[in-house]
Number of protein chains: 2
Amino acid sequence: MLRLSKLTDYAVVVMARLARDGALPHGQVQTAPGLALATGIAEPTVAKVLKILGQAGLVEGLRGARGGYRLTRPLAAVPLSEVIVAIDGPIALTACVDGGQGQCEAQGICAVRGRWDPVNDAIRRALSDITLADLAGPTRCAPATHFAQLVAE
Amino acid sequence: MLRLSKLTDYAVVVMARLARDGALPHGQVQTAPGLALATGIAEPTVAKVLKILGQAGLVEGLRGARGGYRLTRPLAAVPLSEVIVAIDGPIALTACVDGGQGQCEAQGICAVRGRWDPVNDAIRRALSDITLADLAGPTRCAPATHFAQLVAE
DNA sequence: TTCAAAGAGGACCCATACGGTCCTATTTAG
DNA sequence: CTAAATAGGACCGTATGGGTCCTCTTTGAA
């Protein structure tokens, strides 16, 4: 089954939740424990995902008390491919295209050598054309600057 | 790293080799040991791949002495997606789209529920538009009905 | 008629990768 | 000064899949 890792799935859910709760660029922040509660994902896992997303620059972490995370870009500006690369690493369907380092032992007789590139490009293109906004759908709630929105959870 | 299984990679190589050596529909057959030698892939692994491809109807196995395998369709009529499905199973990037059976524990609060379908469709479309002929490249040798072609290997 | 060569169909083992957890250090608001 | 939160690791158990092997069936040829 060609599938992406669970962590990537979690990352999409978490980022969608950040947007929904108003943790937009230069907005308020959302804590990892809070996101865990809101998404139903275990808290250490949420923390791990957010740390990785932070290293990739997709979210911004504010340390200290009253710290938390917020997006660095609106969801519509984040292609899905970028999240996958951040969590899973480069998108390359076969090992033999990862640069010249891992020399394939059968390269002398391999009939398809170098021909996977169009396939990888097609996949990357498909995943780049979809943004997290497409996955998250319309934000049902206005940015939760209203207290009523918060307690309604 | 979003990648397909090694077995799928092997399958493409083996099928490309079948075509190259003239094991076309209604043509001569090619044995698993012979293909292993020709491709550099271990013989039990080649046999395993061919058995799976046979179940999927992508190759035809002829039993008995002088038996072997041949393609059931020319490479240009085999989309890459079909090989991936045969070896890896259905193409679905996340678990939550595999029908209703594996109910996601967070389905009540999941913000992206049901929105992965366009992503999966895009991937499937990209992989369906590429045929094995694209991956194998031009067949350098004419179908090996000439004995000279065979011994030249 | 017998034998050898080849596919069909499983069962099985093991290494790797990944999910998941936890620990410690650092930062910062109150 | 303390509590709350992120940052950055280390660590472990399990599940998946790659790879091998064994047995049975089929079939051409001696």
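Numbers restart at 1 for each chain; the letters A, B, ... are given by sequence-line order, proteins then strands. Below, all heavy atoms of this structure are taken into account, side chains as well, without hydrogens, waters or symmetry copies.
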Tell me which of A/Gln55 and B/Thr8 sits closer to the 5' end of DNA chain D, going by the nucleotide each one is nearest to.
A/Gln55
Can you say whether a donor on the side chain of B/Arg63 sits under 3.5 Å from an acceptor on the base of D/dT27, or the other way round?
no
Regarding C/dG20, can its base be found pairing with the side chain of A/Lys48 as donor and acceptor, where the two atoms are less than 3.5 Å apart?
yes
Take the protein atom CZ of B/Arg3 and the nucleotide atom C1' of D/dG18, then report the distance between them rounded to whole Å.
13 Å
Under 3.5 Å for both pairing distances: what stems, at least three Watson-Crick or G-U pairs long, include DNA chain D?
C:1-30 with D:1-30
Out of B/Ile87, B/Val49, B/Leu135, which residue meets the side-chain contact (heavy atoms from CB on, under 4.5 Å) rule with B/Val12?
B/Leu135
Closer than 4.0 angstrom, basic N to acidic O: yes or no for A/Asp121 and A/Arg125?
no
Worked check of side-chain contact (heavy atoms from CB on, under 4.5 Å) between B/Tyr10 and B/Thr45
CA-CA 9 Å; B/Tyr10 296 157; B/Thr45 302; 3.6 Å; yes
Let me know the distance between NZ of A/Lys51 and P of D/dA10, rounded to the nearest Å.
12 Å
Per A/Pro33 side chain, nearest of listed nucleotides C/dG7, D/dT6, D/dT20
D/dT6
If I take atom CG in residue B/Leu62 and atom C1' in nucleotide D/dT27, what distance separates them, rounded to the nearest angstrom?
11 Å
If you compare every side-chain N and O of A/Thr31 against the phosphate oxygens of D/dA4 (OP1, OP2), does one of them come in below 4.0 Å?
no
Side chain of A/Pro44 - closest among C/dC22, C/dG19, C/dG9
C/dC22
Value in whole Å for how far the C1' atom of D/dA5 lies from CD of A/Gln28:
16 Å
Answer whether the closest heavy-atom distance between the side chains of B/Leu35 and B/Leu18 falls below 4.5 Å.
yes
Of C/dG10, C/dA5, D/dG19, the nucleotide closest to the side chain of B/Ala65 is C/dA5
Which residue lies toward the 5' end of DNA chain C, A/Gly64 or B/Gly68, if each is placed at its nearest nucleotide?
B/Gly68
Across the strands shown, which category fits B/Ala47 at heavy-atom distances under 4.0 angstrom: base, sugar-phosphate, nothing?
nothing
Take the protein atom CD of B/Glu43 and the nucleotide atom C1' of D/dC21, then report the distance between them rounded to whole Å.
11 Å
I'd like to know if A/Lys6 reaches the base of C/dG19 with its side chain such that a donor and an acceptor end up less than 3.5 angstrom apart.
no
B/Leu35 has an atom CG; how far is it from atom C1' of C/dA6, in whole Å?
13 Å
In whole angstroms, how far is the P atom of D/dG18 from the CG atom of B/Asp88?
7 Å
Check every strand shown and say whether A/Leu50 touches a base, only sugar-phosphate, or nothing at a heavy-atom separation below 4.0 Å.
nothing
Using side-chain heavy atoms (C-beta onward) and a distance below 4.5 Å, is A/Glu43 in contact with A/Pro33?
yes
So what does A/Ala32 touch, heavy atoms closer than 4.0 Å: a base, only the sugar-phosphate, or nothing?
sugar-phosphate
With hydrophobic residues grouped by side-chain heavy-atom distances under 4.5 Å, do B/Val29 and B/Leu53 end up in a single group?
no
Starting at CZ of A/Arg66 and ending at P of C/dG30, how long is that distance when rounded to a whole Å?
6 Å
Those residues that, when tested against A/Thr31, pass side chain to side chain donor-acceptor pair (under 3.5 Å) (two or more places apart):
none
Are OP1 or OP2 of D/dG19 and a side-chain N or O of B/Tyr10 less than 4.0 angstrom apart?
yes
Sequence neighbours excluded and cut-off under 3.5 Å, please list the side-chain donor-acceptor pairs for residues 65-80 of chain A, or say none.
{"residue": "A/Arg70", "atom": "NE", "partner": "A/Glu60", "partner atom": "OE1", "Å": "2.9"}
{"residue": "A/Arg70", "atom": "NH1", "partner": "A/Gly27", "partner atom": "O", "Å": "2.6"}
{"residue": "A/Thr72", "atom": "OG1", "partner": "A/Gly57", "partner atom": "O", "Å": "2.8"}
{"residue": "A/Thr72", "atom": "OG1", "partner": "A/Leu58", "partner atom": "O", "Å": "3.2"}
{"residue": "A/Arg73", "atom": "NH1", "partner": "A/Ala77", "partner atom": "O", "Å": "3.1"}
{"residue": "A/Arg73", "atom": "NH1", "partner": "A/Glu82", "partner atom": "OE1", "Å": "3.3"}
{"residue": "A/Arg73", "atom": "NH2", "partner": "A/Glu82", "partner atom": "OE2", "Å": "2.6"}

Any A/Ser5 side-chain nitrogen or oxygen under 4.0 Å from OP1 or OP2 of C/dG19:
yes
So what does A/Gly54 hit on the nucleic acid, given a heavy-atom distance under 4.0 Å: a base, only sugar-phosphate, or nothing?
nothing
